[in-house]
**Q** 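Before I ask anything, here is the structure I am working with.
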Amino acid sequence: MQSPCLKKVTELCLSACWPNPLHKQSEEHHRTISDSGSTSAACRRDFAATTSSSIFPNTEFTNHESLPSLQESFTDFTKVYSKYHETEQVDQIRAKEYSHLSQSNHTCLDYIGIGLFSSSQLHKHESSPQVSSDFPFFSVSYKTGSLKTQLLHGGQESELESAMSNRIMEFLNISANDYSMVFTANRTSAFKLVAESYPFKTSRKLLTVYDYESEAVEGMINSSEKRGAKVMAAEFSWPRLRIQSAKLRKMVVSKRKKKKKRGLFVFPVHSRITGSRYPYVWMTMAQENGWHVLVDACALGPKDMDSFGLSLFQPDFLISSFYKICGENPSGFACLFVKKSVVSVLEVSTSTGIVNLVPAKQLLQIAGDSSGTDTELEQICRLGMQLDALGTASSFSGLISNHTTQARRLKQERSERAEEAANWEEIETSSEFWRSEKHANLMKDENSRSSGNGDLEVVCRGLDLVDSLGLMMITNRARYLINWVVSSLRKLKHPNSEGIPLVKIYGPKIKFDRGPALAFNVYDWKGEKVEPILIQKLADRNNISLSYGFLHHIWFSDKYTDEKRRILEKREGGVKGTGANKFKAKSDLGITVVTAALGFLTNFEDVYRLWAFVAQFLDADFVEKERWRYTALNQKTVEV
């Protein structure tokens, strides 16, 4: 039976039950909410205790064939989390707007970011006989320039770019009065732009808080070091991988009374790999001690910005990423927000990574002027060289361009010609609907809309659907699902091995306020780790998309010395070169892990399929059976 406190936990208001990262900042505020805060803490503890004791109580699974069925598991799941039924609206949206997820029988646990559009938009467009499918709704074109110049003076913003930026800022609750925004090719580009513009000559330090290796952060570190930055990183205490507070406080707090900007503090809010959430008090502490703060919001849930408190913290930089369609088109772009009062301290530098959103109609017009004897690469290059001259116009969406995909391949094969097209490489596409009033007779009103002042508004169906669900529904649903799969994975034990666990989970385990991400490894009956890349490949054969990552900056106390020697591994292809220092040597030591990320569309069947797949490793011959099965089907064996 569900405990009274567990039922109450999802009914409390945000100020009481949402993990309050500011609880240590104000004694007066603490007294005001002391009763609700203590109730909140008690409910969190009860949530964890009830989850642990209610999910398959007193049961261990030593054979994958002994697992209860999907229906049996779901029935037990809803008995423990009775309010899961209140999130049925998500299932309705998934069935209507993202039907491809069920039709393909594919479980997507590798999407990080926020989806802009729904699959139904794409397919409604495909059925329209009035639109050519040869070109996309819009493309992303690179441009070279200075971030500071772009922020101060900008350029001629297209109607599409204006509409898209307005919709995104509205969705994230970011005020255009306080922040300027640029579109970037991806998260890595956004980080690099900040690194190449930040004044490290006067504010020398770069301090990051990441328990995992990130391509974007590594790119920022490399660029910053070249510009004279002193790089530091937070460490995470084994085994729970919590921030090593004493060390981080020592790096953040300034001993000088004179206020001087010390450098750039990069804070991810929570880990996109382990699901660990970090207290916001670190941002306040950094600001009080003279740091500029960059908030990495890429791992936040789709409505988490509603509880972030942007107006309170006012970070100097914020980065968020968006993808096109969950389970269908993972490409997208990132957005870099810069506080307007900070733009003046940036340095002018020539960088790449800023992109324009180019309406497809211009591409169609240019393509119509192309010679039939031109190669596809030459056509794409010509498109690129003319993009800056394009004005604004309305357009319709279409399929992802085959010409674009083939052009990428041709660029790689013809390296001597790639330089000519460098600024237009990796033209990405998106399927979405927008129009101006003069095209009203060709598209239904549901695909576009006009604001009260007559400006065009892009219909981002994915964002609209998330807004309709709200923060509490999305958060509660993810909380139930992630804690169920964590608890269930821990029930898997090897037979005849004195209960050796099949799975090792890193970071938070069963916890009320953990994020919807999971880092784990699988161990065989001899206690040897199954390589994460192998698990990813086998999962893919089972129509489950997982990722793998590298945990690092792990701090071990003396009592874990033996464990440290046993589990730490050296990352292959570590950072080399002139910066091969102590910091980078420590960064190259860590743990490779399998990762799974739950999105707002994730349902119980998705997490059950993950559990059932991992349980197959209880069979000591599972890997060899898969190898032989693949060969028997007369398919090329994937080297593992």
Side-chain angles (χ1 to χ4, degrees), residues 64 67 70 94 98-113 115 119 186 212-213 215 272-275 323-332 400 405 408-409 481-482 485-486 488-489 492 502-506 516-524 528-551 572-573 591-599 601-640:
H64 69 281
L67 266 58
L70 170 63
R94 173 171 168 146
Y98 300 88
S99 59
H100 65 288
L101 294 174
S102 298
Q103 293 170 358
S104 63
N105 195 33
H106 196 91
T107 296
C108 298
L109 299 175
D110 59 344
Y111 275 70
I112 297 290
S119 178
N186 47 43
Y212 65 96
E213 179 188 73
E215 180 182 354
R272 64 190 296 175
I273 285 189
T274 64
Y323 59 82
K324 310 299 175 49
I325 303 172
C326 179
E328 191 159 352
N329 191 338
S331 63
I400 300 173
T405 304
R408 290 195 190 114
R409 185 177 68 250
L481 293 172
I482 191 66
V485 75
V486 168
S488 300
L489 287 171
L492 303 177
L502 175 70
V503 176
K504 167 70 177 177
I505 295 174
Y506 302 90
L518 177 65
F520 67 95
N521 272 319
V522 175
Y523 289 83
D524 63 21
E528 296 179 359
K529 186 172 80 172
V530 181
E531 286 302 316
I533 190 171
L534 171 59
I535 294 173
Q536 184 196 41
K537 289 178 180 179
L538 294 177
D540 191 57
R541 294 185 197 175
N542 286 268
N543 284 333
I544 301 173
S545 295
L546 300 173
S547 299
Y548 61 92
F550 188 75
L551 299 176
E572 293 184 8
I591 307 169
T592 306
V593 296
V594 184
T595 67
L598 278 57
L601 292 170
T602 302
N603 62 13
F604 181 79
E605 183 177 355
D606 291 331
V607 295
Y608 177 87
R609 290 187 65 196
L610 172 62
W611 181 52
F613 163 71
V614 173
Q616 293 183 82
F617 288 88
L618 289 170
D619 181 354
D621 298 323
F622 171 62
V623 174
E624 283 304 313
K625 288 178 181 177
E626 283 292 295
R627 196 190 307 274
W628 280 104
R629 183 180 69 85
Y630 211 61
T631 305
L633 293 174
N634 197 27
Q635 301 185 58
K636 182 180 178 181
T637 302
V638 178
E639 183 181 350
V640 294

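Keep in mind that what you see is a predicted model, and the values were worked out from it rather than measured.
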**Q** Take Glu626 and Asn542 through the test side-chain contact (heavy atoms from CB on, under 4.5 Å) and record every step on the way to the result.
**A** CA-CA 11 Å; Glu626 283 292 295; Asn542 286 268; 4.3 Å; yes
**Q** Show your working on side-chain contact (heavy atoms from CB on, under 4.5 Å) between Phe604 and Leu481 and close with a plain yes or no.
**A** CA-CA 7 Å; Phe604 181 79; Leu481 293 172; 4.2 Å; yes
**Q** Return yes if some donor-acceptor pair links the side-chain N/O of Lys529 with the main-chain N/O of Thr592 below 3.5 Å, else return no.
**A** yes
**Q** Determine the minimum heavy-atom distance between Asp619 and Lys625, stating which atoms define it.
**A** OD2-NZ, 2.7 Å
**Q** Would you say Tyr548 has more than 12 foreign heavy atoms packed within less than 6.0 Å of its OH?
**A** no
**Q** Which heavy atom of Cys108 sits nearest to which heavy atom of Gly327, and what is that distance?
**A** SG-CA, 3.6 Å
**Q** Please find the pair of heavy atoms, one from Arg609 and one from Ile544, that lie closest to each other, and give the distance.
**A** O-CD1, 3.6 Å
**Q** Is there side-chain contact between Ile325 and His100, with heavy atoms separated by less than 4.5 Å?
**A** yes
**Q** Could you check if a side-chain atom of Phe550 sits within less than 4.5 angstrom of a side-chain atom of Ile273, using non-hydrogen atoms only?
**A** no
**Q** So, the side chain of Asn603 versus the backbone of Glu605: is there a donor-acceptor pair under 3.5 Å, distance only?
**A** yes
**Q** Are Val593 and Tyr212 packed together at the side-chain level, in the sense that at least one heavy-atom pair is separated by less than 4.5 angstrom?
**A** no
**Q** Can you name the nearest heavy-atom pair linking Leu546 to Ala596, along with the distance?
**A** CD2-CB, 3.9 Å
**Q** Under a 4.5 Å cut-off applied to non-hydrogen side-chain atoms, are Leu502 and Val522 in contact?
**A** yes
**Q** Less than 4.5 Å apart, side chain to side chain, heavy atoms only: is that true for Val486 and Phe520?
**A** no
**Q** To the nearest 0.5 angstrom, please state how far the CG atom of Leu70 sits from the CG atom of Leu67.
**A** 11.0 Å
**Q** Let me confirm one number: the CG-CG distance from Leu538 to Asp540, rounded to the nearest 0.5 Å.
**A** 9.5 Å
**Q** Measuring from Asp606:CG to Thr107:OG1, what's the distance to the nearest 0.5 Å?
**A** 4.0 Å
**Q** Do Leu518 and Leu489 make a side-chain contact, defined as non-hydrogen atoms from C-beta onward lying under 4.5 Å apart?
**A** yes
**Q** With distance as the sole test, does Tyr506 use its side chain to make a donor-acceptor pair with the main-chain N or O of Thr274 at under 3.5 Å?
**A** no
**Q** If you take all heavy atoms of Ser331 and Lys324, which pair is closest and at what distance?
**A** O-CG, 2.7 Å
**Q** Are Tyr323 and Ile112 packed together at the side-chain level, in the sense that at least one heavy-atom pair is separated by less than 4.5 angstrom?
**A** no
**Q** Where does the angle between the aromatic ring planes of Trp611 and Tyr608 fall among parallel (under 30°), tilted (30 to 60°) and perpendicular (over 60°)?
**A** perpendicular
**Q** Can you see which heavy atom on Ser104 is nearest to which on Asn543, and at what distance?
**A** O-ND2, 4.4 Å
**Q** Evaluate the criterion side-chain contact (heavy atoms from CB on, under 4.5 Å) for residue pair Ile535 and Phe617; output intermediate values, then yes/no.
**A** CA-CA 10 Å; Ile535 294 173; Phe617 288 88; 4.0 Å; yes
**Q** May I have the step-by-step check of side-chain contact (heavy atoms from CB on, under 4.5 Å) for Asn521 and Val594, ending in yes or no?
**A** CA-CA 6 Å; Asn521 272 319; Val594 184; 4.3 Å; yes
**Q** Quick check: do Arg272 and Thr595 have side-chain heavy atoms less than 4.5 Å from each other?
**A** no
**Q** Distance-only, no hydrogens or angles: does the Thr602 side chain make a donor-acceptor pair with backbone N or O of Gly599 under 3.5 Å?
**A** yes
